[in-house]
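Note that these values count all heavy atoms, side chains included, but never hydrogens, waters or copies made by symmetry.
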Amino acid sequence: MAATTRVTDLSSTTRDGVGTSPRRPDGTLKVTGEFAYSSDMWMEDMLWGATLRSPHPHARILGIDITEALKVAGVQAVLTHEDVPGEKRYGLEYQDQPVLAFDKVRYKGEAVAVVAADHPETARRAMERIRVDYEVLEPVSDSRRAAMDPECPLVHEPHELPHHPEYNPRGNRLRYQPVRTGAFAGATGSDGEQEEVLARLRAEAAAVVTTEYEVGMQDQAFLGPESGLAVPAEDGGVDLYVATQWLHVDQRQIAPALGLDQEQVRLTLAGVGGAFGAREDLSMQIHACMLALHTGKPVKFVYNREESFYGHVHRHPAKMRYEHGATADGRLLYATGEVIVDGGAYASATPAVVGVASSLGMGPYEIPNAWMDAYGVYTTNPPCGAMRGFGAVQACFAYESQMDKLAAELGLHPVELRVRNAMSQGSKVITGQEIDMPLPMAEMLERCRDLPMPPAREQLSDPADQRTLPGGVAGTTRGEGVVRGVGYGVGLKNLCFSEGFDDYSTARVRMEVVGGEPVVLVHTAAAEVGQGLVTVKGQIARTELGVEKVVIAPSDTQVGSAGSSSASRQSYMTGGAVKTACASVRDEIFSLARKKGLVPEGLEDTDLSLSGGKVVSATAGALVALPDLLGEAAEGGAVVEHTREFHHRPTEMLDPELGQGDSHTQFGMCVHRAVVDVDVDLGLVKVVALDAVQDVGKVMHPQQLAGQIQGGATQGLGLALMEEVQVEGSEIRNPSFTDYLIPTILDTPPMRIDVLERPDPHSPYGLRGAGEPPTLSSTPAIVAGVRDATGRPLTHAPVRPEDIVGIDV
């Protein structure tokens, strides 16, 4: 994969500082297989945990009998809801999910009981002896029915749900968020008034396109399954070593369930084998801690792959209806949208996903009149929550498909239509929020369009090479019926947390002299989930403090929260916290130098910097070496340490009636062009090229940035062509990597990456989160390419072979 980046002022950056590509400290260990993941943890005399899960998607629990399970030799504990020592429910934001099911089960795979034994097979055998008496109930599997039909059975009765000041579910609707702008905002009296406005706008439009779209349930498909080790502590608390995305929010949910103070539940980040949103919610954390406290022994959990499919949240499947109208010259006149996201059995992040889907549901386009309705609903399908793109992915597939249809209707090139309606700095999204940062969308579109195209099939040295054909080395085609198509996609994504969330990150930075060398220790609770944050924290410390040796402490709850490794926020938020703490350390060092008379009179701090392990003046040169200023720490020398929080600018909740408000912190955008070869007879697709243009504000680590864009684009490729958790009657039909397909290296095409750096004035170094936008734009670009090759409407993602060949199955 070729990647080209333009990095500004590299000549002036610190060695291995911001803007360079130092080697990742965990990279060699991961490549050689020596890295310790959470599933590798071990302690003497530890027990193994196992979870009994419901075989039904919806059933009332009439009784649980654990007698036979307790008779199995080697079993140390069998726990049910009756053994939960504290709060029986937990949740990421809304505490509606049982620790262990106690009245009903609401999805197939819900945890009912847990076992601890001296061997994992023993634990599983005992688990199979637990007898649960169920009264099977009707599943609620249709999200549109759950949202719209007042006669639909309820997943949660009102009295079953906890009170929360910001959450007020109505029936199976967990959140409904309308957005109205322009003429629609002035017609709020009744649905009839809005329909009259819509009829008038339709009459004014030269072209109108209306379509229903559907996006399937996607799995995060991380390679490291859920795992962790809980160790009982002498103070009556517990130490938990776990692969997660947010240590402190785990702690906040675990402690009440255990009946403990938060300080008694200490979490340390264990090696994470991928996340992509699925580790924001709890899986085995409370269960392991309960068993450890009950038995007085360490307890380890490791899910197998099938259990992992049941044990974590997935991307919300969505059903959508869109209508767009435009003038004859291609200017958007109005757009309407309805987005229903299926949250499954429990809330997880569904309300926030609805907020994103509604506010960004029309994309990065100037639309004077918008009508959007977004719903998040309870069903008895598997719970859904965070996944890369978080509500914007689903909407992007629909609105970008609409732009292609509208371009065809008007006889315009797809890029030209987008350029004519492109947002820029100063534009407002449909919630009324101004984009007060660079947004060079038109330029990005044109640059992407003008990137070199891959060679045509007939120009290849061997056009019949099966590796270059749809179906690959399986030899299903030899070039007959293969048609090439080109498609484009643009996605607008919010970055960092939104809608009034008090988002912050904490960093502790310490400088001391060890062995005659200045050493900096950086301590945060930020989760390294493979994105390379551990490297970026070191780069920032080197840049700000001018030292070579930086040590990154393990992430744990012994320092303040760093928030979640999600929402493309860690470089912004934890990077900002590290930068701020470094600034405090630097200021104290300057103060020490002044107290010792080492700074000439009249020199301001703005004239000073730390470079090469010295205090340096821009006018007077090097003033003092840090070892001479601070002295050896072991001999009582000065240790400079500061802990600082970094908060982004405030946001606000969307207005519940018109959906207006400054709900987002930052916006990011990626543009993709996909070139695909399609066997129109067999329904097979080969992505030949997937090129991208992205504005990242500031390149922090060029190599890791390329990996983030390539990785996000590849997940979008999976959603476009192959990845779907098949759910029928609320039951997962393909809970394995045999039947749930993800792209391999043979499916992943060359990717030319063109990176822009237009700094965001509100963020550290001007950076923008980079990991999510490529996932939005790659999916519609690929599907658009397949449409271009086949002429088929293709309204479902992923595209299935039968969709391409036009066969109903």
Side-chain angles (χ1 to χ4, degrees), residues 211-219 221 309 314-315 317-320 393-394 397-398 400-401 404-405 454 457 463-489 672 674-690 713-728 731-749 775 778-809:
T211 314
E212 295 190 9
Y213 299 96
E214 192 167 351
V215 172
M217 182 183 293
Q218 187 180 20
D219 188 68
F309 269 89
H314 310 279
R315 185 187 299 286
K319 296 179 179 179
M320 300 170 286
V393 162
Q394 297 90 326
F397 173 69
E400 285 299 273
S401 299
D404 286 334
K405 289 190 68 173
R457 289 213 55 80
D465 185 340
Q466 292 179 0
R467 293 171 296 178
T468 68
L469 290 168
V473 294
T476 48
T477 182
R478 299 189 182 279
E480 315 93 332
V482 174
V483 181
R484 177 158 291 187
V486 179
Y488 295 87
H672 265 102
V675 180
V676 301
D677 282 347
V678 185
D679 187 315
V680 297
D681 299 320
L682 300 178
L684 301 176
V685 180
K686 172 75 173 179
V687 182
V688 177
L690 190 55
T714 302
Q715 282 191 310
L717 184 156
L719 181 59
L721 297 177
M722 61 186 71
E723 291 191 48
E724 184 171 14
V725 179
Q726 299 285 342
V727 179
E728 297 179 12
E731 297 193 25
I732 298 177
R733 297 299 188 186
N734 58 334
S736 74
F737 283 167
T738 300
D739 300 310
Y740 181 87
L741 304 180
I742 58 176
T744 70
I745 194 169
L746 294 176
D747 302 297
T748 307
T775 309
S778 52
T779 298
I782 292 167
V783 177
V786 180
R787 282 197 204 100
D788 184 46
T790 64
R792 297 283 182 185
L794 304 180
T795 58
H796 180 278
V799 175
R800 300 156 176 158
E802 58 267 27
D803 300 331
I804 294 172
V805 299
I807 298 175
D808 292 330
V809 295

* To do: Please identify each residue that fulfils side chain to side chain donor-acceptor pair (under 3.5 Å) with Gln726, with sequence neighbours left out.
  => none
* Structure fact -> Contacts of Leu684 meeting side-chain contact (heavy atoms from CB on, under 4.5 Å) (sequence neighbours excluded), chain-then-number -> Pro470, Thr476, Asp679, Leu682
* Find the distance between CZ (Arg733) and CD (Glu728) and round it off to the nearest 0.5 Å. => 5.0 Å
* In Å, rounded to the nearest 0.5 Å, how long is the span from CE of Met320 to CD of Glu212? -> 10.5 Å
* Asked: Residues in salt bridge (Lys or Arg N to Asp or Glu O under 4.0 Å) with Arg800, at least two apart?
  -> Glu724
* How would you list, by chain and number, every residue that makes a side-chain contact (heavy atoms from CB on, under 4.5 Å) with Thr738, sequence neighbours excluded? -> Ser736
Show me the donor-acceptor pairs within less than 3.5 Å that the side chains of residues 780-789 make with the rest of the protein, sequence neighbours left out.
residue, atom, partner, partner atom, Å
Arg787, NE, Pro793, O, 2.7
Arg787, NE, Leu794, O, 3.4
Arg787, NH2, Ser401, OG, 2.7
Arg787, NH2, Leu794, O, 3.0
Asp788, OD2, Val486, N, 2.9

* Partner set under salt bridge (Lys or Arg N to Asp or Glu O under 4.0 Å) for Glu214, not counting sequence neighbours -> none
* Structure fact -> Residues at least two apart in sequence or cross-chain that pass side chain to side chain donor-acceptor pair (under 3.5 Å) with Lys319, listed by chain then number, are Asp142
* Please identify each residue that fulfils salt bridge (Lys or Arg N to Asp or Glu O under 4.0 Å) with Glu400, with sequence neighbours left out. => Arg418
* Asked: How long is the gap from OG1 on Thr744 to CE on Met722, to the nearest 0.5 Å?
  -> 7.5 Å
* Asked: Mind checking what makes side chain to side chain donor-acceptor pair (under 3.5 Å) contact with Thr795, not counting sequence neighbours?
  -> none
* Asked: Can you name the residues that form a side-chain contact (heavy atoms from CB on, under 4.5 Å) with Ala221, not counting sequence neighbours?
  -> Asp219, Phe737, Tyr740, Ile742
* Asked: Measuring from Thr775:OG1 to Gln218:CD, what's the distance to the nearest 0.5 Å?
  -> 8.0 Å
* Structure fact -> Those residues at least two apart in sequence (or on a different chain) that pass side chain to side chain donor-acceptor pair (under 3.5 Å) with Asp803 are none
* salt bridge (charged side-chain N to carboxylate O under 4.0 Å, His left out) pairs, two or more places apart, involving residues 466-488 -> Asp465-Arg467, Arg484-Asp677
* To do: Applying side chain to side chain contact (heavy atoms under 4.5 Å, CB included), run through Leu719 and Arg315 and close with a yes or a no.
  => CA-CA 10 Å; Leu719 181 59; Arg315 185 187 299 286; 4.3 Å; yes
